[in-house]
Amino acid sequence: MRLFDLNDPQLRAVKQTQGPVLILAGAGTGKTRTITARIAYLISEGVPPEHILAVTFTNKAADEMRERVAHAVAPEKAKLVTVSTFHALCVRILRQDIEKLGYKGNFTIYDQSDATGLIRQIIHRVAAKDEKLEPSVAQNAISKAKNLGVDAPSSDAETETLAGAVFARYQRELKRLNAVDFDDLLLLAVKVLRDHDDVRAKWRGRYHYLMVDEFQDTNRLQLDLVRHLAAGEPPNVCVVGDDDQSIYGWRGADVSNILEFERHFPRPTVVALEQNYRSTGHILDLANSLIRHNPRRRAKRLWSAEGEGKKPQLVGAPDDREEALYAVQELHRIGHDFAVPWKQFAVLFRTNAQSRLIEEALRERNIPYRIVGGKSFFDRREIKDVLAYLSLLLNTADDVSLLRVIQAPPRGIGEATVERALDFSIEHKCGLLAALQHPDFHGVLAKKTREAIKTFVAFLDRFETRMFEPLAKYADVTKELLNESGYLEDLKRGCKDEAEFDRRSEAIHELLLDLERHQEKSRNNGLREFLDKLSLDREKDEDDKEKDAKDGVTLITLHAAKGLEFDYVYVLGLEEGLLPHERSKNEGTLDEERRLLYVAITRARKQLTLLYCRGRLRYGQVLPRQASSFIRELDTRHYETVNWHQQVNAPVEESAGLSAFARMKAMLGG
DNA sequence: CCCGCTGTGATTTTT
DNA sequence: TCACAGCGGG
C-alpha cells in the first residue's frame, strides 16, 4: 500500500492502530481506500493477517474490500484477513456454537419471504375470526423488537395481544423448525457470545483488530456484537461511518451508535475525513448548507480541491409527467451533445412507483436504462422450489420447505391433508414430516392419500441417501430429483409457452452450475455452505464483463443510491409529503429525511438537477403539491432556479395539450 | 386446480 | 389507479 497517496487525516486514521478509532468519513472522502490502507498497514507492522476482521453490511462491500486488500498486500496474506458481512460472520459463529442455545447445528436460514410465509400461517392459526393483522406489519414489528435484542413479548399483557401472541409463537415455531431468520442470526450470535464465556473467549482470541464499515447503519445488536468481539483493553476497534448518511433508522439502525461512540468505547481517536474527491464545489456547498440544519450531528464540512463546477439546478414542473420529460430531455441532450455514456446518468426517486414515468420517457427515446432493485433471481419461484428441496434434505424438520416441496409438483397430497397434518403436528408437538408418517395420522386418511404420502416419504428418503452418499455430486443428484419427482414436467405444464419454460429451466440450470462449481471448490459440507451463501447473498453475480459492457441510465431509489456516484444526477420529487415523506412528520424522523436528500445530492460528480412538481398524479387524481421545505434550507448561492416557461422550448409534443390542462388544474388546486 | 372477481391499501428494504 | 391477496365458481 502506498501510504503517500493518502491525505493527512487519512494517514492519521491509518496509523492509529491501537485502541478505539472513529473515522468520520464524509461522502466521497476515500473511505474504502482508507480502510484498505489501514489493513495493509497493520500487516506491514507485523500483525498476523488472520487476526484482522473487517465487517461490512453488504456482500458487495465485502467483495470490494476483499479485492482491494488483495491488491494492497501479498495475496497469501490477503487471503488470511477475514472480511465478512455482519450476517455471514454470525452464521460462522452459530454454525459452531448454536447448540448451546438449543438449536441444531444444521439450522436453516429463512429469508424474508420464508419468514413472511411462516408468519402468515401463524396469524391464520392464532387470530380469531374478527381479528386482522397484516403479515408484513407483524413481521416489521417482530424485526424491530429483535433488533433491540428482544426475543419474546416482554410481558404477559403483550402476549395477550394478537401481535404479541404471533411473536411468541413465531419464535417458538422457528426453533421447532430448527430455522432462524435474518434477525435471529444477529440476536442468537449475540446471545451465545454474551452467555457463554468460553465461546466469547474463543472468538475474542481469534481477532485482535476489528474494523466496521458503515457504522452509522448499525443497530443495537450489531453494536453488541462488536462489543463482545472486541478484545483488549482498550479494545482495538476501528469504526468508519458518517452520521449524515444514516438513512436506515426505520430498519432499526441507531445513529446514536456513532453519535455517542465515546460512550461505548471511551477515549477514542476521532478523525474526520472532509476532503471530497467526488463532486465539484457548488454541489458540496449545497449539501453542506442542507445538512447544517440537522441538530444532532458531528460537525464536518465537505470540501473539494477541484474547483466550483457547475451550479446545481432547481426545476419546478407543472406535473410529474413534465418532470419526467424534463429530466429525460435534459439527460438526452447532454448525453447526445457531449457523447456521455448513459451509465454516467442516474435518476433518483423516493418511491419505486416514481420510476414508471421515467421509464416510459426513456423508452420513447430509445435510451437504455437499468432499474436497480426489483425482483431478484432468488425470488423466482423455480429457484425457491429447488432450494426448498435442498434445504429439506439437509434439515427435514424444516416445515416451510416441506410445504413448498409437497405441492411442487402436486402429488396427491392436497390442501386438506396438509392442513390436517399441520394440526396433528401441533397437537403432538412433532414435525410435519413426522406427522405425515405417524400411524395415528394415517388412520383418518383415505387409502389413496396414504399411498401418496408413502410414495412421497420414500422419495425423500431415497434422495436424502443419494445426496449424502460419499462422492455424490449434488448438482447431478438434484437434476435427477427434479426429473423423477416430476417437478420439471409440472413446471413445463404451468408455463404459457415454450419460451417461458426455457427461461425458467435455464435459471435452474444456472443454479445447478453454480452448485457444481461450488462443490468442486469446497471439500465437505459444501451443500450447507452453498445454501448459506445463497440466503445471505441475493445478488446473482452477473458476469462482470457483462455488467461493465452494459450501458444505461440508472433508475434508483434514494436509499439504494447510497455509496454510488454518477456524473449527472437527477433527483425527482422534492415535494412536501414525498421528501420529507408524509409519515416522517408523525414518526419524528425529519432529520433522516434531510439526510436522505443529502445522500442524494452527494451522489453527483459533475452536475445535479433537483426537480419537483406542483401537481402529481396520485391514485388517478392530480393532487396539488408544495415544494419541499428542504428547498428553503438550501443556500441560494449554490444553485440556480430554472424558469420553467423559458426553459421548456422543446419541440411541441403530443403531450403539450395535456400539460397545459394539467398546469391549469394545478394552478386552480394550489 | 385454475381463473377471474372483489376488496384493500399504497415509503424506503444492506441481510 | 393499480397491484395483489383471498375467495368462490367452473
Side-chain angles (χ1 to χ4, degrees), chain A residues 55-64 84-91 109-117 120 124 132 134-137 139-140 143-144 146-147 180-187 189 213-219 221-222 245-253 320 348-356 372-376 378-379 407 409-410 412 414-416 490 493-494 496 532-539 556-564 573 577-587 589 592-593 595-597 599-600 616-623:
Chain A
V55 187
T56 65
F57 272 82
T58 66
N59 292 292
K60 196 174 151 213
D63 290 344
E64 189 186 335
S84 169
T85 64
F86 273 105
H87 292 265
L89 176 66
C90 290
V91 171
I109 302 167
Y110 280 0
D111 69 16
Q112 201 104 13
S113 63
D114 296 328
T116 314
R120 178 172 292 134
H124 199 69
K132 245 194 267 173
E134 215 40 59
S136 60
V137 172
Q139 192 172 22
N140 270 325
S143 177
K144 267 219 176 103
K146 287 192 186 180
N147 285 162
V180 301
D181 65 16
F182 286 150
D183 299 320
D184 282 339
L185 289 175
L186 300 170
L187 187 68
D213 193 17
E214 303 278 16
F215 193 71
Q216 77 281 356
D217 290 335
T218 51
N219 60 32
L221 281 177
Q222 285 155 334
Q245 292 186 73
S246 165
I247 55 173
Y248 284 104
W250 51 277
R251 280 191 101 227
D320 46 352
L348 276 54
F349 36 79
R350 180 63 204 267
T351 67
N352 289 116
Q354 288 172 265
S355 72
R356 252 195 48 197
V372 177
K375 262 186 236 72
S376 123
F378 297 101
D379 289 332
Q407 47 159 1
E415 219 172 300
D490 180 62
R493 212 176 45 82
K496 277 196 198 66
D532 279 356
K533 189 177 169 311
L534 288 193
S535 4
L536 296 180
D537 188 358
R538 326 299 313 272
E539 203 67 43
I556 193 169
T557 63
L558 299 172
H559 284 90
K562 195 183 72 168
L564 304 179
L578 199 55
L579 187 62
H581 196 274
E582 197 73 67
R583 290 203 189 175
S584 66
K585 296 204 180 84
N586 306 324
E587 293 169 7
T589 52
E592 184 154 310
E593 297 289 306
R595 283 182 225 124
L596 205 45
L597 179 55
V599 167
R616 182 172 290 275
L617 193 68
R618 239 184 141 196
Y619 314 143
Q621 280 196 314
V622 180
L623 296 180

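So you know, we letter chains A, B, ... as the sequences are listed, proteins then strands, and number each from 1.
One interatomic measurement links the two molecules: CZ of A/Arg120 to P of C/dC4, which rounds to 13 Å at whole-angstrom precision. In this structure, CZ of A/Arg356 is placed 7 Å from P of C/dA3, rounded to the nearest angstrom. Between A/Asp490 atom CG and B/dC1 atom P there is a gap of 8 Å when expressed in whole angstrom units. Summarising the geometry, the separation between CG on A/Leu564 and P on B/dT14 is reported as 12 Å, rounded to the nearest angstrom. For A/Asp532 and B/dT15, the CG to P distance is 15 Å, given to the nearest whole Å. At whole-Å resolution of the value, NZ in A/Lys60 and C1' in B/dT15 are 15 Å apart.
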Quick tally for nucleotides 8-13 of chain B: nucleotides whose base has a protein heavy atom under 4.0 Å get B, sugar-phosphate-only ones S, the rest -, giving --BBBB
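A search for salt bridge (Lys or Arg N to Asp or Glu O under 4.0 Å) contacts involving A/Glu593 returns A/Arg350, not counting sequence neighbours. By the ring pair (Phe, Tyr, Trp, His ring centres under 6.0 Å) test, A/Tyr248 is found to be paired with A/Trp250, A/His559, residues two or more places apart in sequence or in another chain being considered. The side chain to side chain donor-acceptor pair (under 3.5 Å) test applied to A/Asp63 returns A/Arg66, not counting sequence neighbours. Considering only residues two or more places apart in sequence or on other chains, A/Thr218 meets the side chain to side chain donor-acceptor pair (under 3.5 Å) condition with A/Asn257.
Salt bridge present: A/Asp181 and A/Lys146 bring a charged side-chain N and a carboxylate O closer than 4.0 Å. For A/Lys144 and A/Asp183, the salt-bridge test fails: no basic side-chain N is under 4.0 Å from an acidic carboxylate O.
Between B/dT12 and C/dA5, the two C1' atoms lie 23 Å apart (nearest whole Å).
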All N/O contacts under 3.5 Å from nucleotides 5-7 of chain B to the protein, with atom names and distances to one decimal?
none

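Side-chain atoms of A/Ser143 never come within 3.5 Å of backbone atoms of A/Gln139 as a donor-acceptor pair (strictly under, hydrogens ignored). The backbone N or O of A/Leu536 sits less than 3.5 Å from a side-chain atom of A/Asn59, completing a donor-acceptor pair.
Defined by atom type and a distance below 3.5 Å, a donor-acceptor pair is missing between the side-chain atoms of A/Ser584 and A/Glu587.
Among the protein residues, A/Asp183 comes within range of no part of the nucleic acid, since none of its heavy atoms lies under 4.0 Å from any strand.
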